[in-house]
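First comes the structure, then the notes that go with it.
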Amino acid sequence: MLEVGIKGHQEMVVTDRYTAKTMGSGVMDVFATPAMLALMEKTAFMSVADKLNEGCGTVGTKVEIEHVASSPIGMKITCDSKLVAIEGRKLVFSVEAYDAKGLIGKGTHERFIIESKKFQEKTDRKLEG
């Protein structure tokens, strides 16, 4: 059962794979903004995944984030999400990411509830001539 207030939490460690240099979003060996975004989406997605009807999932549709501090390779990153609004099939989350020294990113993320099979079939039809 979906209800406002559902919280999510995920953790990861910054490795070479998640740096701005490796991900192509910059030249520094620091936690990349695209990696932080992916962690925020995962945290929100996972927080509601087991509360949806069978055969349903969510897809990300909008993100507004700020990356406010850098994190080095080897540092643990934590992310917290909170479902703050349910508007029909639209779910709105607040998201925050932290490293050992404090807040590194924050924002909002929207996801839509979809019927997974129907959504995939519709998407795959784009390949048809």
Side-chain angles (χ1 to χ4, degrees):
M1 169 101 177
L2 286 177
E3 56 188 34
V4 169
I6 292 172
K7 294 181 180 180
H9 180 83
Q10 295 288 318
E11 299 179 357
M12 66 176 292
V13 174
V14 180
T15 64
D16 290 335
R17 178 180 179 187
Y18 302 110
T19 64
K21 184 187 295 182
T22 301
M23 296 191 81
S25 65
V27 297
M28 304 298 297
D29 285 321
V30 298
F31 190 49
T33 301
M36 182 182 75
L37 168 58
L39 180 62
M40 289 173 163
E41 283 204 72
K42 178 181 180 182
T43 305
F45 153 67
M46 294 295 292
S47 73
V48 297
D50 65 350
K51 295 166 180 56
L52 300 172
N53 292 335
E54 181 146 350
C56 289
T58 61
V59 291
T61 57
K62 184 177 180 180
V63 179
E64 293 182 21
I65 61 169
E66 295 178 76
H67 196 166
V68 299
S70 60
S71 305
I73 293 172
M75 189 161 272
K76 182 168 106 174
I77 307 295
T78 60
C79 184
D80 295 305
S81 68
K82 182 177 181 181
L83 182 57
V84 296
I86 302 171
E87 301 168 9
R89 295 187 305 133
K90 181 170 79 170
L91 308 176
V92 182
F93 298 86
S94 65
V95 288
E96 295 181 336
Y98 298 86
D99 67 15
K101 299 297 182 180
L103 181 73
I104 64 164
K106 62 183 178 177
T108 59
H109 175 44
E110 294 180 5
R111 300 187 70 79
F112 267 78
I113 299 170
I114 51 94
E115 291 179 40
S116 300
K117 184 178 180 194
K118 183 177 175 183
F119 185 88
Q120 189 66 59
E121 289 171 349
K122 180 180 177 185
T123 302
D124 291 346
R125 280 196 298 275
K126 287 184 167 187
L127 293 171
E128 297 172 3

Rounded distance (nearest 0.5 Å) linking atom [atom1] of [X] with atom [atom2] of [Y]:
X	Y	atom1	atom2	result
Lys7	Asp80	NZ	CG	8.5 Å
His109	Thr58	NE2	OG1	7.0 Å
Thr22	Asp16	OG1	CG	6.0 Å
Lys117	Cys56	NZ	SG	13.5 Å
Lys106	Glu96	NZ	CD	8.0 Å
Ile73	Arg17	CD1	CZ	14.0 Å

Exercise. State whether the side chain of Thr123 and the backbone N or O of Phe119 hold a donor-acceptor pair below 3.5 Å, judged by distance alone.
Key: yes
Quiz item: Counting distance only, does the side-chain N/O of Arg89 pair as donor-acceptor with the main-chain N or O of Phe112 below 3.5 Å?
Solution: no
Practice problem: Quick one: list whatever passes side-chain contact (heavy atoms from CB on, under 4.5 Å) with Asp99, sequence neighbours left out. | Solution: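 Asp99 satisfies side-chain contact (heavy atoms from CB on, under 4.5 Å) with Ser71, Met75, Ile77, Lys101, Ile104 only.
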Give me the atom names and distance for the closest heavy-atom approach of [X] to [Y].
X	Y	result
Ala32	Ser25	CB-OG, 3.7 Å
Glu3	Leu83	O-CD2, 3.5 Å
Met12	Tyr18	CE-CD1, 3.4 Å

Quiz item: Is the count of non-hydrogen atoms from other residues, nucleotides or ligands lying under 6.0 Å from Glu64 atom CD greater than 12?
Solution: no
Quiz prompt | Atom CD of Glu11 with >12 non-hydrogen neighbours under 6.0 angstrom | solution = yes
Practice problem: Test Leu2 against Ile113 for side chain to side chain contact (heavy atoms under 4.5 Å, CB included), laying out the working first. | Solution: CA-CA 11 Å; Leu2 286 177; Ile113 299 170; 3.5 Å; yes
Practice problem: Indicate if Val27 and Met23 have the same hydrophobic cluster label, given that clusters are the connected sets of ILVMFWY residues with side-chain heavy-atom separations under 4.5 angstrom. | Solution: no
Quiz item: When hydrophobic residues are tied together by side-chain contacts of less than 4.5 Å, even through go-betweens, does Tyr98 share a cluster with Val68?
Solution: yes
Quiz item: Cluster partners of Met1, using ILVMFWY side-chain heavy atoms under 4.5 angstrom, listed by chain and number?
Solution: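 Listed partners: none, Met1 stands alone.
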Hey, can you pull the donor-acceptor pairs under 3.5 Å for the side chains in residues 35-55, sequence neighbours left out?
unit_1 : atom_1 : unit_2 : atom_2 : d
Glu41  : OE1    : Arg111 : NH1    : 3.2
Thr43  : OG1    : Leu39  : O      : 2.7
Ser47  : OG     : Ala44  : O      : 2.7

Exercise. Report yes if the side chains of Lys118 and Ile114 come closer than 4.5 Å at any heavy-atom pair, otherwise no.
Key: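 Not touching, per the 4.5 Å side-chain cut-off.
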Quiz item: Pick from Val92, Ile86, Leu91: which one makes a side chain to side chain contact (heavy atoms under 4.5 Å, CB included) with Val4?
Solution: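 Result for side chain to side chain contact (heavy atoms under 4.5 Å, CB included) with Val4: Ile86.
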